[in-house]
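Step one of this worksheet: look at the structure below.
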Amino acid sequence: MNDKRLTKSATERMICGVCGGIAEYIGIDPTVVRILWVIFSLMGGSGLLAYIIAAIIIPEA
């Protein structure tokens with residue numbers, strides 16, 4: 001059984017730890033997730049809204 005859960009990162013934290021937590025869950029570098037988040041944010045602001053929702057919904061580590 002997989003005990004892997006999506007949580008905010010306690011170590012890779014810039015603002016709320018959302019990008020770091022997603023990167024830890026997927027197993028990639030947090031910088032890649034942050035760059036993708038910036039790209040989505042620049043493409044109409046959907047990334048900013050998604051980040052705010054994720055910051056509220058994703059539990060702390």
Side-chain angles (χ1 to χ4, degrees):
M1 187 177 273
N2 188 359
D3 292 337
K4 194 168 155 180
R5 293 186 48 166
L6 177 60
T7 59
K8 294 178 188 173
S9 178
T11 57
E12 291 295 331
R13 204 171 185 121
M14 294 288 275
I15 298 174
C16 290
V18 173
C19 292
I22 291 170
E24 289 173 1
Y25 184 78
I26 296 172
I28 61 174
D29 186 6
T31 305
V32 173
V33 177
R34 289 181 185 115
I35 290 170
L36 289 172
W37 173 75
V38 168
I39 291 170
F40 286 127
S41 293
L42 294 174
M43 296 172 70
S46 61
L48 182 60
L49 180 61
Y51 190 91
I52 292 168
I53 292 170
I56 293 169
I57 293 174
I58 297 175
E60 294 287 334

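Under a hydrophobic clustering in which Ile, Leu, Val, Met, Phe, Trp and Tyr are joined whenever their side-chain heavy atoms come within less than 4.5 Å, directly or via other members, Ile57 and Phe40 fall into different clusters. Side-chain heavy atoms closer than 4.5 Å link hydrophobic residues (I, L, V, M, F, W, Y) into clusters, and following such links, possibly through other members, connects Leu6 to Ile28. Hydrophobic clustering (ILVMFWY, side-chain heavy atoms < 4.5 Å, transitive): Trp37 and Val32 are in one cluster. Both Leu36 and Ile26 are assigned to one and the same hydrophobic cluster, defined by single-linkage of ILVMFWY side chains at heavy-atom distances under 4.5 Å. Following chains of ILVMFWY side-chain contacts shorter than 4.5 Å, one can reach Leu48 starting from Ile58, so the two form part of one hydrophobic cluster.
The stretch residues 37-60 participates, sequence neighbours left out, in these salt bridge (Lys or Arg N to Asp or Glu O under 4.0 Å) pairs: Lys8-Glu60, Arg13-Glu60. Sorted by first then second residue, the salt bridge (Lys or Arg N to Asp or Glu O under 4.0 Å) pairs that include residues 33-51, not counting sequence neighbours, number zero.
Residues passing the side chain to side chain contact (heavy atoms under 4.5 Å, CB included) test with Ile15, sequence neighbours excluded: Tyr51. Ser9 is linked by a side chain to side chain donor-acceptor pair (under 3.5 Å) to Glu24, counting only residues two or more places apart in sequence or in another chain. Every residue two or more places apart in sequence or in another chain that forms a side chain to side chain contact (heavy atoms under 4.5 Å, CB included) with Leu42 is listed here: Val38.
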Output a table of donor-acceptor pairs, distance under 3.5 Å, between side-chain atoms of residues 16-23 and any protein atom two or more places apart or on a different chain; print 'none' if there are none.
none

